[in-house]
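To keep things clear, I will list the structure first and then write my remarks on it.
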Amino acid sequence: MGSAKHGDGARRYRPEDLPGLDLATPDERLAWATWARGSSTYSSSYGAGSACGSPTVYPESGDRRGTWLADSEDAEPWLEVELPEVEGAAALLVCETCGAGAVHEIRDLDRNEVLWERKPETGIRDARLVCVPLEGRPPPRRLRLALAPYAFGDAYHEIDAVGLALVPLDDLRAEPPGLRTAHERLEPSAVARLELRDDPRVHWATSAHASSEWSSSYAARKAVGPPRVFPRGGDLENTWLSKDRSHDEWLELAFDVKGPVHGIIVLETCGAGAVYKITDEHGGLLWGARPEVVPEREARLLHVALAAAVAPKRLRLWVSAAVDDYREIDAVALLSAPFESLSEPPPPPGEPEEGWTALEGTLVGDLPFVHAVLRTRNAGRAATSKGSVRLRVASGEEIPLDTERAAVLGVPVVRARGSWAEVARELPWAAACFEDPGVGPDEPVVLEGRRVLEGVTVEALGDDVGVRARGFRDSARGLPERLVTAALAVGSREGFDHLGADAFERSARRFEEPRTVPRPLHPLVVGTTTAAVVTGLGWLVSAGAAGSTAVVSLLCFVAFAFTGVLAVEHAARMTFLPASLPTPSGSRLDTRVGFTRPDLTVMVNGLVLVLSAVVLVAATEIMEVRAGAARAAYALAAGFACVRLAKLLRVAWGPLRESLSLLRAPELSRVVGARGRVSGTLGHGPFSRRERWTIRAKHLGTGTSTDDAGNLVTHERYETWHERHATGQAPSALRLITADGATVRATETPPTTDVGMTPRSARLADLAYFESLHEEGDPATLLGVVEAVGDGIEIRPTHLLLGRLEELRRRVRIQVLAIGVLALGATLAGLAAMNPF
């Protein structure tokens, strides 16, 4: 096979070398390419998009459509793919189905690094799976595969799929894909007898959005509601169609349905067979299968029978680029009854004959009963405490409860956030529910738990007859011998109507990162616009009259300049946020600029300006001294600008000095004693910070007095003040990974500048609220002195920048520009005050 220059340990496997390996069935442990383009294409049947998604040909071999094939005249063929973003991967996979051996180089385009390189091989007659172990490398996002030309070996060189294996191949073989939900694609004639549009058991989507849309006639909203096109097939308007066929696309829909769902139906009117995966609102895989080949331009009804009744609120349908046609979807629905029962008339409205059983009593047995949820950035898991739990009803009988899949309602949530080691220490009773959490001790997680103690009165909702229908009812036909419990409610049965058999799983969703909102600068925009309007009106008045109106327009211009000074200052403060994380000593907490609400500042200063303008106009009218009034106005402008400039310099000097020292530092030389900066990604996390400025008030009592008319007047006395609350979290060990893979270790946690701080919507009592979160893999820069060089670099740090250097440079430029503008304005106003005309 030739000597390997890169990717030692990589191998080309024959299909018979990997018995039991199923790559075609969608599996959460596999991440296949979602976009592709090639140096050339043999024909539309061999487009680059065929390399997206799970393999459609492998392990079969030979010249087959549904793979990518370059033009036979292409002297240097290549294929570029984009892979999903994942936390970690074990290996890179390439499925060669014809002319195997032609791939001779795989390059990570983002890092410009060759992951694998071999000499091309000839004479391979069957398919091959190229497996390149990543061995702790960050998972690649964009790859380029270089292939030998057609003349080499005189064979078509076809690629079926490119992807990542998130676990080793042996694990994939030992445990096949866990989700094998049944599905069928039915011809329109097979469902013509069904009244899909008007059946109350068929719940059509209520809203939709998609990764892309071909046009307004093929928008995502066309898939909302009952079908418009089905059972007709072909390229027809009033369906959803993605803009690009070269990569996988998705359509997300929302539904308004209560109770469990037994199935999903998708009406494909063109490119039927392209829907290959359906996920829920949390990204969990509900169904997956290979894309199918359907006779061209024929409609199909895709029915997915869910193995267990679930209650999703949103669905995301994925369509594969391997289907070389317009991929159009007319409508999507959830079924609140089995698909087979749709041939029978729907039951009359009212209470179902069978359903969930609700029993009230007190809990006894091996308690406390604990329901815990563990969330990471990629997944969520739920678990309950093990033990014997029984429900003692009013008659004194004790009914065993099967609580393996039960959720708890009506009990406050106890939540902890941080590394697994930290939250396990904080909530040991919740952590004990997970025998194998599947996360490392330093991995950031969210752990929450609820406890129900012995003797607490609860209402148990469950199934004692194996029937999962809508609604629930109190047990009226006698007590069951055993109750398979879906939920326990303390104090109220509220929410039971919305529970299905998946109540346990739905409580476990992915850890969601905080979302940012735009910086709250809108009060400044309003103030500046108002001043501009006033200035314009002043100039219009001065254009039609003489005398003192010119002074009025001058004063309006000064007022506008004042508001501009405020806008420049606050834009600088909001843009430059050098918030230092608290160190163990608690120092350096006050290096960020003080903050007051911009709208209050504009209002107060605007009022002062208006009063000043009135006084100056009155002086002009009474004393008829235009030059003196103008000189006073310019002097007022100069004084105001100087005051604001001094305030900004006072609060910004420390952070600005630290940031400039970081930007001016040279690149770190890997020699003991060298000083400089090194950039990379965080090897440990998270770094988090929250900062809130709050108005506080204290009622001091009620006082009374008498006015001039002898009436009794009541006075409420308050004391108000401002408080600043700053909290932060930093890992005990700081580590950076540089672009070439070297590890830089810091001997301590240094003062930290955070350019990732973003404003969030604040509560009513808050002046402002900022927060940031930096996880492992986020960009960072470290400034310090090299102390040791071995398998890594050990550095005595002096400063840490969380975020990108480019962002810090941008914010420093804005800060320096704002200071310059204020200084220039103060200088010009002062000069004009000395000689206004």
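Atom CG of L93 is separated from atom CH2 of W32 by 5.0 Å, given to the nearest 0.5 angstrom. Distance CG/L30 to CG/L23: 6.0 Å, rounded to 0.5 Å. Here the CG atom belonging to D235 is positioned 5.5 Å from the CZ atom belonging to R297, to the nearest 0.5 angstrom. Distance check, rounded to the nearest 0.5 Å: CZ of R327 to CH2 of W214 gives 11.0 Å. Separating the CG atom in D17 from the CZ atom in R173 is a distance of 8.5 Å, to the nearest 0.5 Å. Expressed to the nearest 0.5 Å, how far CH2 of W240 lies from CG of L253 amounts to 9.5 Å.
For the residue pair E76 and S39, no side-chain donor N or O sits within less than 3.5 Å of a side-chain acceptor on the partner. For the residue pair D71 and S40, no side-chain donor N or O sits within less than 3.5 Å of a side-chain acceptor on the partner.
Classified by interplanar angle (parallel below 30°, tilted 30° to 60°, perpendicular above 60°), the ring pair H183/W287 is perpendicular.
Closest of all the heavy-atom pairs between A33 and V81 is CB-CB, 3.9 Å.
Counting only heavy atoms from C-beta outward, the side chains of N112 and R107 approach each other to under 4.5 Å. Taking 4.5 Å as the limit, some side-chain heavy atom of I329 sits within range of a side-chain heavy atom of L251. For the pair E268/V294, no side-chain contact is recorded, criterion being any heavy-atom separation below 4.5 Å from C-beta on. Here the side chains of I106 and V94 are in contact, with some heavy-atom distance below 4.5 Å. No side-chain heavy atom of I265 sits under 4.5 Å from any side-chain heavy atom of V191. For the pair T239 and C270, the minimum side-chain heavy-atom distance is 4.5 Å or more. In this structure, V130 and W116 have side chains that are in contact, with non-hydrogen atoms separated by less than 4.5 Å. You'll find the side chain of L196 reaches within 4.5 Å of the side chain of W204, heavy atoms only.
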Which is it for Y156 and Y46 under the ring-ring contact (aromatic ring centres under 6.0 Å, His included) test, yes or no, and what are the steps along the way?
CA-CA 11 Å; Y156 295 123; Y46 295 89; 7.6 Å; no

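Of the residues listed (L129, V103, L145), the one engaging E96 in a side chain to side chain contact (heavy atoms under 4.5 Å, CB included) is V103, and it is the only one.
Residue W250 places its CH2 atom among more than 12 non-hydrogen atoms of other residues, nucleotides or ligands, all under 6.0 Å distant. Heavy-atom contacts from other residues, nucleotides or ligands closer than 6.0 Å to CD of E16 number more than 12. Counting heavy atoms of neighbouring residues, nucleotides and ligands inside a 6.0 Å radius, atom CG of D256 does not exceed 12 of them.
Scanning for side chain to side chain contact (heavy atoms under 4.5 Å, CB included) contacts around D110 gives D108, R141, R142, with sequence neighbours left out. Here R197 pairs with P226, P227 under the side chain to side chain contact (heavy atoms under 4.5 Å, CB included) rule; sequence neighbours left out.
With salt bridges taken as basic N to acidic carboxylate O contacts below 4.0 Å, one links E252 and R314. With respect to R128 and D126, a salt bridge is recorded, a charged nitrogen being found less than 4.0 Å from a carboxylate O. Ion pair R300/E292 not flagged as a salt bridge, since none of the NZ, NE, NH1 or NH2 atoms sits closer than 4.0 Å to an Asp/Glu carboxylate oxygen.
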